[in-house]
Each structure stands twice: as structure tokens, then as C-alpha cells.
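To keep things clear, I will list the structure first and then write my remarks on it.
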Amino acid sequence: MANFDINVYPTDILLARTVAQRWLDAVAEANSKKQPYLVALSGGRITKAFFSVVVELAKQSATNLENVHFFWADERCVPPTDPESNFFLADQLLFQPLAIHPRQIHRLRGEAEPQVAVDSAIFELNALAGKTPTGQPQFDLILLGMGEDGHVASLFPNASAEVIDCPSPYLWIDNSPKPPPKRISLSYATIVAAKDVWVLVSGAGKENAFKESTASDRKTPLGRVLQLRSG
């Protein structure tokens with residue numbers, strides 16, 4: 001039995017608009033409870049559309065984002081001003097247009113030595129997040145994309161057992177099959193522990209990976225996330 005919902009949209013912009021409105025509604029609900037709201041962002045083409053629509057809708061609705069804390073699902077080991085940086089994308093398209101306060105932004109420090117960046121990210125996350133009964137920090141929402149090989153965050157097929165079974169919230173990857181090889185990523189354990197995980201899949205060439213991810217044996221990294229979240 002599937003433990004997930006699949007929603008199909010005819011265009012990327014309709015996907016982005018629907019998800020953006022749903023996310024802003026979730027933020028408004030958290031505001032009504034006076035609770036911090038922790039979200040992990042991803043990069044990718046569909047994320048650009050998502051950020052742009054969030055800005056448009058947030059300004060229209062005057063949604064208060066002061067309780068939102070922004071983290072990342074993964075980051076390339078590059079400086080924050082590098083166009084390949086996931087932070088750079090969010091900063092240009094989301095944070096600056098909405099004047100998000102720096103205290104709400106918890107970027108992965110891709111320019112630092114990877115283990116230092118991982119330790120810093122874990123410290124900042126643990127300072128704000130509630131914990132599951134197993135001790136995992138819990139995001140309110142993790143936004144993921146999916147690659148043509150079914151990878152999510154920087155968790156790729158054929159990863160080592162050390163990566164697959166990592167108990168820490170973040171880890172660093174030194175052999176990514178997609179450049180650059182050094183990356184920082186959320187672990188499977190923390191993705192699985194999130195209250196909600198939304199996966200935005202768009203673009204040609206991803207159909208087979210999506211089918212493999214949602215099949216009964218779920219062989220891809222996304223499939224592993226779905227399988228583990230069913231437990």
C-alpha cells in the first residue's frame with residue numbers, strides 16, 4: 001500500500017503555484033500557533049519557479065514569514081556567491097525579494113572544510129528543531145527535487161553503507177557522480193523523520209526514475225525515502 005500521494009499538474013508553473021500556496025497556508029497555520037517553522041530547501045529548475053511564485057503570493061497575501069527558519073536539503077561545496085550554490089539561488093529569488101532576516105537563514109557553508117560545515121549545520125539545526133522519539137531533529141517540511149537517476153538531496157544511487165545508514169542529520173559526500181564531487185546533504189534518517197516531505201518532479205527524462213521510485217520494490221534513493229517513511 002502506498003504511503004504517499006501523487007499529484008499531477010499539466011505545467012511546471014501550475015505545479016510551482018500550487019505548492020507555493022499550500023506552503024504559505026502551512027506557514028500561516030504555524031503562525032496561528034506561534035510556533036517556529038523549519039523548512040529545508042533544495043535547488044533545481046522547478047525550485048526557481050517555486051521561489052518566484054512564493055514571492056508573488058506572499059506579497060499579495062502579506063503572509064508573515066518571521067517564524068520561518070530556512071535550512072537546506074543539500075549544498076555543493078562552493079562559495080555562497082557561486083551561481084552553482086543552492087543558497088545563492090534562494091538568496092537571489094526568495095530572501096532578498098522578501099527581505100528575510102539573516103537570523104532566519106541557516107545556510108550550509110559550502111566554502112568551509114566539509115566536516116566543519118556539517119558540524120555547524122547540525123549545531124544550528126539542533127538548536128531549533130524538536131526531536132523525534134529516536135532523537136532525530138524534525139523539520140516541519142523538507143522540499144526535495146529528484147534527478148534523472150532518482151537521487152534526492154545529494155543522496156545518489158550506489159551509495160556506501162556509511163551514507164545510507166548515517167545517523168547524523170547532515171553528512172558530507174566526497175564522490176558525487178554529478179559535479180562538483182564534494183557536497184553536503186541531509187541524511188536519509190533526518191529526511192525520513194520530517195513531518196512532511198514534498199518532492200517536486202518536473203522535466204523530461206525523469207519518468208523512468210519516478211516509476212522505479214514508486215514501484216513496490218522502490219530501488220532508487222527517492223524510493224528508499226518512500227520505503228523508510230512507510231515504517
Side-chain angles (χ1 to χ4, degrees), residues 12-13 16 19-20 23-24 27 36-59 65-129 137 139 141-148 151-156 163 168-187 190-191 198 200 202-203:
D12 286 359
I13 192 62
V19 174
W23 181 67
L24 289 172
V27 170
Y37 185 97
L38 276 62
V39 60
L41 305 176
S42 292
R45 184 170 59 87
I46 188 61
T47 308
K48 295 179 182 180
F50 171 74
F51 290 159
S52 296
V53 176
V54 165
V55 170
E56 174 193 341
L57 296 179
K59 288 182 175 179
L65 299 177
E66 291 181 359
N67 288 329
V68 179
H69 287 266
F70 297 91
F71 292 80
W72 272 263
D74 71 324
E75 182 60 280
R76 299 171 178 92
C77 289
V78 296
T81 54
D82 191 308
E84 291 295 305
S85 163
N86 287 336
F87 165 78
F88 180 82
L89 179 71
D91 190 47
Q92 296 293 306
L93 299 182
L94 184 66
F95 301 149
Q96 291 189 34
L98 290 178
I100 301 297
H101 197 283
R103 67 173 173 78
Q104 298 170 245
I105 301 169
H106 308 274
R107 70 178 182 88
L108 294 170
R109 302 185 183 281
E111 76 280 14
E113 193 277 324
Q115 190 58 53
V116 171
V118 165
D119 292 343
S120 175
I122 293 173
F123 178 83
E124 291 193 39
L125 178 58
N126 283 332
L128 287 166
F139 283 96
L141 173 65
I142 297 176
L143 283 166
L144 297 173
M146 186 200 74
E148 289 83 355
H151 82 266
V152 291
S154 283
L155 302 171
F156 291 91
V163 169
S168 298
Y170 282 100
L171 69 158
W172 67 280
I173 309 293
D174 65 358
N175 58 351
S176 164
K178 292 185 67 175
K182 289 187 177 182
R183 295 164 177 245
I184 303 163
S185 178
L186 278 176
S187 66
T190 300
I191 294 174
W198 298 352
L200 282 61
S202 68

Q) Backbone N or O of K178 within a donor-acceptor pair of the S176 side chain at under 3.5 Å? A) yes
Q. So how far is it from R45 CZ to L200 CG, rounded to the nearest 0.5 Å?
A. 11.5 Å
Q: Taking all heavy atoms of D12 and all of S202, pick out the closest pair and write down the distance.
A: OD1-CB, 3.3 Å
(Q) Could you walk me through whether R76 and D82 satisfy the salt bridge (charged side-chain N to carboxylate O under 4.0 Å, His left out) test, starting with their C-alpha distance in whole Å, then the side-chain angles of each, then the deciding distance to 0.1 Å, before giving a yes or no? (A) CA-CA 10 Å; R76 299 171 178 92; D82 191 308; over 6 Å; no
Q. What's the spacing between W198 CH2 and L144 CG if we round to 0.5 Å?
A. 12.0 Å
Q) Okay, side chain of S42, backbone of L143: is any donor-acceptor separation there less than 3.5 Å? A) yes
Q: Heavy atoms only: give me the nearest A117-I184 pair and the separation to one decimal.
A: CB-CD1, 3.4 Å
Q) Taking all atoms of both residues into account, what is the closest heavy-atom pair of P97 and D91, and its distance? A) CD-O, 4.0 Å
Q | Neighbour count above 12 (heavy atom, 6.0 Å) for E56 CD | A | yes
**Q.** Between CH2 on residue W72 and CD1 on residue I142, distance to nearest 0.5 Å
**A.** 14.0 Å
Q.
For a side-chain contact (heavy atoms from CB on, under 4.5 Å) check, start with the C-alpha distance between V118 and S168, then their side-chain angles and the critical distance, and finish with the verdict.
A. CA-CA 9 Å; V118 165; S168 298; 6.0 Å; no
Q) Could you give the distance from CG (D119) to CD (Q115), rounded to the nearest 0.5 Å? A) 4.5 Å
**Q.** Validation row: R109, V116 side chains within 4.5 angstrom (heavy atoms)
**A.** no
Q: Compare every heavy atom of A40 with every heavy atom of L186, then report the nearest pair and how far apart it is.
A: CD1-CB, 4.1 Å
Q. Only one of L98, I46, L94 forms a side chain to side chain contact (heavy atoms under 4.5 Å, CB included) with F51, so which one is it?
A. L94
**Q.** Where S187 and L155 come nearest, the two heavy atoms and their spacing
**A.** C-CD1, 4.2 Å
Q: Anything under 30° is parallel, anything over 60° is perpendicular, the rest tilted; go ahead and classify F71 against H106.
A: parallel
Q. Nearest 0.5 Å, what's the NE2-CG distance between H101 and L65?
A. 14.0 Å
Q. Quick one: are L125 and Y170 in side-chain contact, heavy atoms under 4.5 Å?
A. yes
Q.
Using every non-hydrogen atom in the two residues, find where I173 and V163 come nearest and quote the distance to one decimal.
A. CD1-CG2, 4.0 Å
(Q) Working note: V53 + I13, criterion side-chain contact (heavy atoms from CB on, under 4.5 Å); need CA distance, chi angles, decisive distance, verdict. (A) CA-CA 8 Å; V53 176; I13 192 62; 3.8 Å; yes
Q. If only atom types and distance count, is the side chain of Q104 paired as donor or acceptor with the main-chain N or O of V68 below 3.5 Å?
A. yes
Q: May I ask you to decide if the ring planes of F70 and W23 are parallel, tilted or perpendicular, using 30° and 60° as cut-offs?
A: tilted
Q) Quick one: salt bridge (Lys or Arg N to Asp or Glu O under 4.0 Å) partners of E111, sequence neighbours excluded? A) R107
Q | F87 side, atom CZ; L41 side, atom CG - distance, nearest 0.5 Å | A | 11.0 Å
(Q) Donor-acceptor check, side chain of S85 to backbone of T81, threshold 3.5 angstrom: yes or no? (A) no
Q) Any donor and acceptor pair, going by atom type alone, linking the side chain of N86 with main-chain N or O of D74 inside 3.5 Å? A) yes
